[in-house]
Amino acid sequence: MENLNRSVQFVKGIGPKKADKLGRLGIYTLKDLLYYFPRTFEDRDITKKIVELQDGDKVTVKAVIGSISNFSPRKGMNITTMVITDETGSVKISFFNKAYLKNAYKSGDSILVFGKVDKKNNRVEMSNCEIEFLTNSPKQTGKLLPVYPLTYGVTNKDVMNMIRTAIESEEIAIGEYMPASVVEKYHLCGIDYAIRNLHFPKSKEDLKIALYRIIFEELFILQLGLFIFKSGRTEERGIRFEEKPGLDEIIKSLPFKLTKAQSRCLNEITVDMSEEKVMNRLIQGDVGSGKTAVAMLALANCVLNGYQGAIMAPTEILAKQHLESFEELLKPFGIRCELLTGSLTKKQKTELLERAKNNDVDIIIGTHALIQENVEFANIGLVVTDEQHRFGVMQRGKLSLKGENPDILVMTATPIPRTLALILYGDLDISIIDELPPGRQKIESMAIAKNKRDKVYQTLIRDEVDKGRQVYIVCPLVEESELIEAKSAVELEEELRENYFKDLRVGLIHGKMKSSEKDEVMGEFKEGNIDVLVSTTVIEVGVNVPNATLMVIENAERFGLAQLHQLRGRVGRGSHKSYCILIYDSKSSVCKERMSIMEKTNDGFKIAEKDLQLRGTGEFFGTRQHGLPELKVANLFKHMKILKLAQKEARYILGVDPKLKLKENAGLRAEIIEKFKGVLEELALN
Ligand code: ADP
Ligand code: MG
């Protein structure tokens, strides 16, 4: 497939201007273009005779033009009408602002028209029409029309035409890379056929065949990559950690008693740690289930054995919070904890790195800064990744490279059904904390339509503040742009200070603030010096302020269910009754259903499952799940059967050829290296 890595400008007819448009969709290479699949199809493949037309039909008609006329009801508006005829009758068709048609077509031309039928009494018309000359290969009518995801200034026709040009260009060969044996065994169509029919299927049957191939391919590559990743790391021996009596002392000193689920989970960890094989364990526990304490105890166990430990968190706020709770509980036992984030001064950082290298610090708590190259440890024994879903497989892998086969613990609050967890995190053992600490109250959730937003601000929020509680308000999610998101937070905060809450203490926190500023605001909020905190999703994970009892989420329809659940988990952390208000601005039935799920259940597992059903896995894992190849068509939930086949075949192939070195697997190997962005090769394919 190598020639597919060339720029889209290689295609005749795609110059710099069109390439620029494609760039806006993230399409740069020929391969990007060919793999830019439609999000759905418009059924234009139903063809009817004029006499058969029914009101509301969206159909294609084959006919001859009788007459054409043009008129302009007012300035800037132009209507073209034609009367067209077939052997069964005639119908009037109309076009909006397409005056050029009058010159392009003439009476007597044979044409195909697609449009919506409007039939009342004896009058039959078709509006919003698409027209083209009758040929053997119509482009706009009489077929399934691909509907592509678009962006501002790029039309569906643009994308469709460019893809068509590329596909029809003779120099472009879409070469097969799937081993012939696999193609045959699973009755897959060839890649060339699949790509062509995913864009321009001749029939629904062809589309189905093409989809099957691509779904299989996506899941197969994902599974192969994950298996290889796993095999690259577990072959080696790890550290044996003994169970030291000191650990029990620390547990006894905690301000609370561990829940049964926490104890069980900790036990699974210490057993793993005492064995020679490298621990690879995922802790899955709903928001607020107390994962941090378990991680801290595992790290303490490591330090008591004379090794260092590290824990990586996705945000500075969270890392800092961990540091505070770790220090409070571990300092009395002489365990030294330090914070490593991007906002240390150069001098502080150098000092800390020196100490890490000289074993002068026991536990380092940090952000992504932890996996940078210059970070070295004297003898790291355990690495923990908090909120694993915010990091990729690769980043998790990198942290473990900081030592000689350290044990690995990852934690996530984005619960996914166990079957899926095993596939996605197939390289991990799983512990589940399925119990919340005692005394937690159910968070009451209410979905409120945007037109009633005033009431939320004027009464609900105020009531909570009057009771002495604190409130979070989360701004609309702006995918891919922290800057716009930050801007909307700034505006909302202004609106609140100037309108609703002149007399309250309103704070603001967003991702574009310096981390020292964020810390300051978070500190003030914790201290109770801020009543209402306006925030972006930077507070999505982990933040713990027990006096905050109300979470208001603006434009809740833009968030995934799992994310809403995470956000909601910021309240209900103390003994007071807590609430979550979801302000939504959409009339779609999917939105209503999602809001009602949030109102009805507090169970993160159920929510995640629904999320998968409603949105598909691509979005569920989102752009944040870096490192795993994107699933464009496959859905881990819907396509479980195909997934199982792909899994079986992946096992079989790797059983014969673990590093994919055989000639017939060369194409697969290249594809996996590309999809897993080179890291697999570094870790496991050599
Ligand atoms: P998460 O699993 O979402 O990371 P945290 O570890 O942040 O949850 O814990 C949430 C809160 O519950 C913290 O304030 C923590 O101190 C408290 N907590 C943890 N375990 C227990 C327990 N066994 N009993 C009471 N409170 C607990
Ligand atoms: Mg946590």
Side-chain angles (χ1 to χ4, degrees), residues 247-248 250-269 281-300 311-330 337 363 365-367 384-391 409-416 430-443 470 472 522 525-526 528 537-549 551 562-576 578 580 602-605 607-608:
L247 190 61
D248 272 335
I250 297 176
I251 293 173
K252 279 197 199 107
S253 80
L254 293 177
F256 44 73
K257 191 165 169 285
L258 291 181
T259 62
K260 271 207 200 89
Q262 282 171 315
S263 298
R264 186 186 62 231
C265 198
L266 179 64
N267 189 48
E268 284 166 358
I269 292 167
R281 190 166 280 279
L282 170 73
I283 302 183
Q284 233 186 55
D286 208 348
V287 181
S289 60
K291 295 184 291 293
T292 317
V294 174
M296 186 194 75
L297 293 168
L299 285 163
I311 174 167
M312 180 163 73
T315 64
E316 289 209 34
I317 297 176
L318 198 52
K320 185 119 188 275
Q321 188 176 288
H322 285 342
L323 176 78
E324 281 161 15
S325 63
F326 279 33
E327 272 197 324
E328 186 183 325
L329 298 165
L330 299 181
C337 302
I363 298 176
I365 299 157
T367 54
V384 183
T385 313
D386 192 13
E387 307 293 351
Q388 139 73 21
H389 64 285
R390 289 291 210 96
F391 297 101
L409 193 59
V410 305
M411 310 198 285
T412 185
T414 297
I416 49 178
I430 302 178
S431 292
I432 297 180
I433 308 187
D434 51 3
E435 178 187 0
L436 293 181
R440 290 282 164 75
Q441 302 190 28
K442 182 173 177 281
I443 300 165
Q470 290 162 281
Y472 292 102
M522 235 27 242
F525 191 63
K526 264 191 187 169
T537 48
V538 292
I539 53 130
E540 179 189 346
V541 291
V543 176
N544 195 27
V545 180
N547 192 47
T549 51
M551 161 72 56
Q563 205 176 8
L564 289 174
H565 183 64
Q566 284 265 334
L567 284 167
R568 175 167 70 182
R570 298 309 107 225
V571 297
R573 300 194 146 238
S575 51
H576 303 288
S578 294
C580 174
N602 263 303
D603 180 335
F605 281 75
I607 287 172

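This is a predicted model, so every value here is computed, not measured. Positions are given from 1 along the sequence. Whatever order the structure lists ligands and atoms in, that order sets their numbers, starting from 1.
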Ligand-residue contact atoms, ligand 1 with T292, heavy atoms, under 4.0 Å: 4 (O), 5 (P), 6 (O), 7 (O)
Using a strict 4.0 Å cut-off to heavy atoms of L258, name the atoms of ligand 1 that fall inside it. 23 (N)
Indicate the atoms forming the closest heavy-atom contact of V294 with I283, along with that distance. CG1-CD1, 3.8 Å
Applying side chain to side chain contact (heavy atoms under 4.5 Å, CB included), can you list everything that pairs with E327, at least two apart in sequence or on another chain? L323, K331, C337
Going by distance only, is there an N or O of G290 that falls short of 3.5 Å from an N or O of ligand 1? yes
May I ask you to list the atoms of ligand 1 that are less than 4.0 angstrom from any heavy atom of R573? 3 (O), 7 (O), 10 (C)
Test your reading of the structure: does F256 have an N or O sitting under 3.5 Å from an N or O of ligand 1? no
Would you check whether G285 reaches within less than 4.0 Å of ligand 1, judged by its heavy atoms? no
Spatial distance of atom CE (M411) from atom NZ (K291) [nearest 0.5 Å]: 7.0 Å
So the atoms of ligand 1 within less than 4.0 Å of a heavy atom of N544 turn out to be 13 (C), 14 (O)
With a 3.5 Å cut-off and no angle check, do the side chains of H565 and N602 form a donor-acceptor pair? no
Enumerate the residue pairs fulfilling salt bridge (charged side-chain N to carboxylate O under 4.0 Å, His left out) with a member in residues 255-264, sequence neighbours excluded, ordered by first and then second residue. R264-D434
Please could you name the atoms of ligand 1 that K257 approaches to less than 4.0 Å, counting only its heavy atoms? 22 (C), 23 (N), 24 (N)
Would you give the length of the straight line joining atom OG of S325 to atom CE of M296, rounded to the nearest 0.5 angstrom? 7.0 Å
Atoms of ligand 1 under 4.0 Å from any heavy atom of T259, numbered from 1 in the order shown, are 23 (N)
First locate atom OG1 of T549, then atom CZ of R570, and finally report the distance between them rounded to the nearest 0.5 Å. 14.5 Å
Quick one: does S289 get within less than 4.0 Å of ligand 1, heavy atoms only? yes
How does M411 reach ligand 1, if at all, at less than 4.0 Å between non-hydrogen atoms: by side chain, backbone, both, or neither? neither
Donor-acceptor pair between T412 and Q284 side chains, under 3.5 angstrom: no
Any idea which atoms of ligand 1 are less than 4.0 Å away from a heavy-atom of V287? 3 (O)
